[in-house]
Amino acid sequence: MQENQSYDGEVSVAHADVVVPAAHAVENARLLLLSGLADRSGQVGRNLMDHPVLLTWGLLPEDTGPYRGPGSVSGFEGFRTGAARRLRAPFRVEFGAWGWAWAKGSVDADVHHFLTERGLFGAELRRAVGDRIRHQFTLQFEMEQGADPANRVTLHPQERDPLGLPRPLVTYDLDEHVKEGMAAARAVSDQIFALLGAEDHTDYTPVAAWPGRFEHRGRTYGYRGAGHAAGTHIMGDSPATSVVNAWQRCWDHPGLYAVGCGSMPSVATSNPTLTMAALALRSAERIEADLAGRDRPASLAPPPASPALNEPSSTPGAQA
């Protein structure tokens, strides 16, 4: 049974054999917390993970041809493995080909720069903006983040959505392992810029534009969220320490599944989409098999007769 509320305040009740929240990590956690149905372990909403992304950006000596193809054109994968993982978070490096859009916003920022700081107008302004955009590039360092129960989704004590329900309240931070990874990534960035002869324009100001800004070992860093939220209803083999089992079925209710990246107990440096899709298809097969097994109609046809057993012959003279 599931209670539904419309925007005009009307409440209805839907009956179903299986209920599957599939609203991704943050909203799945909110739905489960609102229902109070699956939190025996106390882990609903906890262990929120993402791929925090350190960005650096600059100008190359030659034309980079930005905005003419995919947002990422190449990268380095070697920093994801090796013994250094014990000391700092692993990461992968992407070469961004959409100018400084993720770091600084749209090209309006470049127009504003040449208008206010250089006093350029007309054809001169167009040439300056075009020249800058053609030479822009970005490095994107996507960090691996471990599960931390302190990073979590809870219900907001005051804020309400249009239905009058509590909005999700997200508590999120980076541990020292991830910060050390970002420090190593910035050192790699410095080397790449030097090898390319690139002009580094990385600057994590204004502070309001970088909610992920922090100081570490005397240097300033800023990061963006990748939007790859995971871990808020983690999968496990015990109802005492996890929210769902291997089929993403909630331990507390056999007809309740929480499907999506929230079931993942860890998230690596790669995007989780394919893993999420595989888990969803696996759960769908399990749900379909369970429902089919339960609802399959009984056979009304009589069972086939068993073949008669061979009996000893009573024909005269049959014995030797």
Side-chain angles (χ1 to χ4, degrees), residues 51-82 84 88-120 124-144 174 178-226 269-271:
H51 290 146
V53 180
L54 178 77
L55 297 173
T56 60
W57 58 96
L59 298 173
L60 282 169
E62 57 276 332
D63 188 335
T64 64
Y67 301 102
R68 296 180 182 176
S72 173
V73 294
S74 186
F76 292 143
E77 307 296 339
F79 299 100
R80 300 192 297 177
T81 60
R88 49 88 178 155
F91 55 87
R92 63 191 302 266
V93 190
E94 287 190 18
F95 291 88
W98 286 348
W100 297 349
W102 199 5
K104 301 290 286 182
S106 70
V107 296
D108 292 348
D110 299 298
V111 175
H112 183 268
H113 165 77
F114 287 109
L115 274 173
T116 60
E117 297 185 28
R118 303 286 184 87
L120 303 183
E124 194 174 16
L125 174 62
R126 288 194 296 273
R127 282 193 297 270
V129 172
D131 182 68
R132 167 167 285 208
I133 292 173
R134 283 193 299 272
H135 292 79
Q136 290 178 349
F137 80 109
T138 305
L139 297 180
Q140 303 165 190
F141 297 87
E142 298 172 2
M143 317 301 301
E144 179 177 311
L174 307 181
V178 176
K179 290 180 179 179
E180 286 293 337
M182 288 194 175
R186 187 64 195 270
V188 170
S189 174
D190 292 342
Q191 295 177 60
I192 292 174
F193 273 68
L195 290 170
L196 294 175
E199 184 180 319
D200 194 345
H201 283 253
T202 306
D203 179 18
Y204 304 114
T205 58
V207 175
W210 292 92
R213 189 174 183 268
F214 66 93
E215 303 288 331
H216 183 68
R217 298 185 184 275
R219 194 169 190 181
T220 301
Y221 299 86
Y223 66 93
R224 303 286 196 209
T269 56
S270 298
N271 296 6

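As the structure is a prediction and not an experimental result, all values here were calculated from the model.
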Shortest non-hydrogen contact between H135 and E62, atoms and distance: CD2-O, 3.2 Å

Qualifying residues under side chain to side chain contact (heavy atoms under 4.5 Å, CB included), relative to Q191, sequence neighbours excluded: none

Under the side-chain hydrogen bond (donor to acceptor under 3.5 Å, both in side chains) test, residues paired with E117 that sit two or more places apart: H113

Set of residues satisfying side-chain hydrogen bond (donor to acceptor under 3.5 Å, both in side chains) with respect to D203, sequence neighbours excluded: T205

For A187, all residues meeting side chain to side chain contact (heavy atoms under 4.5 Å, CB included), sequence neighbours excluded: none

Residues in side chain to side chain contact (heavy atoms under 4.5 Å, CB included) contact with A101, at least two apart in sequence or another chain: Y67

Residues forming a ring-ring contact (aromatic ring centres under 6.0 Å, His included) with Y204, sequence neighbours excluded: W57, W210

Residue pair P66 / G99: nearest heavy atoms and the distance that separates them: CB-N, 4.0 Å

Heavy-atom check, side chain of T202 versus side chain of R186, under 4.5 Å: yes

Spacing of CG belonging to D110 relative to CG belonging to D131, to within rounding of 0.5 Å: 11.0 Å

Donor-acceptor under 3.5 Å (T269 side chain, E142 main chain): no

For L196, all residues meeting side chain to side chain contact (heavy atoms under 4.5 Å, CB included), sequence neighbours excluded: L60, F137, I192, A198

Audit row: R217, E215, side chain to side chain contact (heavy atoms under 4.5 Å, CB included) steps and yes/no: CA-CA 7 Å; R217 298 185 184 275; E215 303 288 331; over 6 Å; no

Non-hydrogen atoms of A185 and F91 that approach each other most closely: CA-CZ, 3.7 Å

Distance-minimising heavy-atom pair for M182 and L54: O-CD2, 3.6 Å

Pairwise distance CG(L139) to CZ(F193) - rounded to 0.5 angstrom: 5.0 Å

Set of side-chain hydrogen bond (donor to acceptor under 3.5 Å, both in side chains) partners for R219, sequence neighbours left out: D190

Pairwise salt bridge (Lys or Arg N to Asp or Glu O under 4.0 Å) hits with a residue in residues 65-74, at least two apart: none

Heavy-atom pair of closest approach, residues P52 and Y223: CB-CD1, 3.8 Å

Straight-line distance of L125 CG to F114 CZ, nearest 0.5 Å: 8.0 Å

Distance (rounded to the nearest 0.5 Å) between E199 CD and Q136 CD: 11.0 Å

Can you give me every donor-acceptor pair (side chain of residues 71-79, partner residue at least two apart or in another chain, under 3.5 Å) with its distance?
from : atom 1 : to  : atom 2 : distance (Å)
S72  : OG     : E94 : OE1    : 3.1
E77  : OE1    : R80 : NE     : 3.3
E77  : OE1    : R92 : NE     : 3.0
E77  : OE2    : R92 : NE     : 3.4
E77  : OE2    : R92 : NH2    : 2.6

More than 12 heavy atoms from other groups under 6.0 Å of NE2 on H216: yes

Heavy-atom closest pair, residues P70 and A97: O-CB, 3.6 Å

Side-chain heavy-atom pair W100, L59 within 4.5 angstrom cut-off: yes

Whether over 12 other heavy atoms sit under 6.0 Å from W102 CH2: yes

Any residue meeting side-chain hydrogen bond (donor to acceptor under 3.5 Å, both in side chains) with T138, in chain and number order, not counting sequence neighbours: none

Interatomic spacing from OG in S189 to CD in Q140 - rounded to 0.5 Å: 11.5 Å

Main-chain N/O of R134 paired to T64 side chain as donor or acceptor, under 3.5 Å: yes

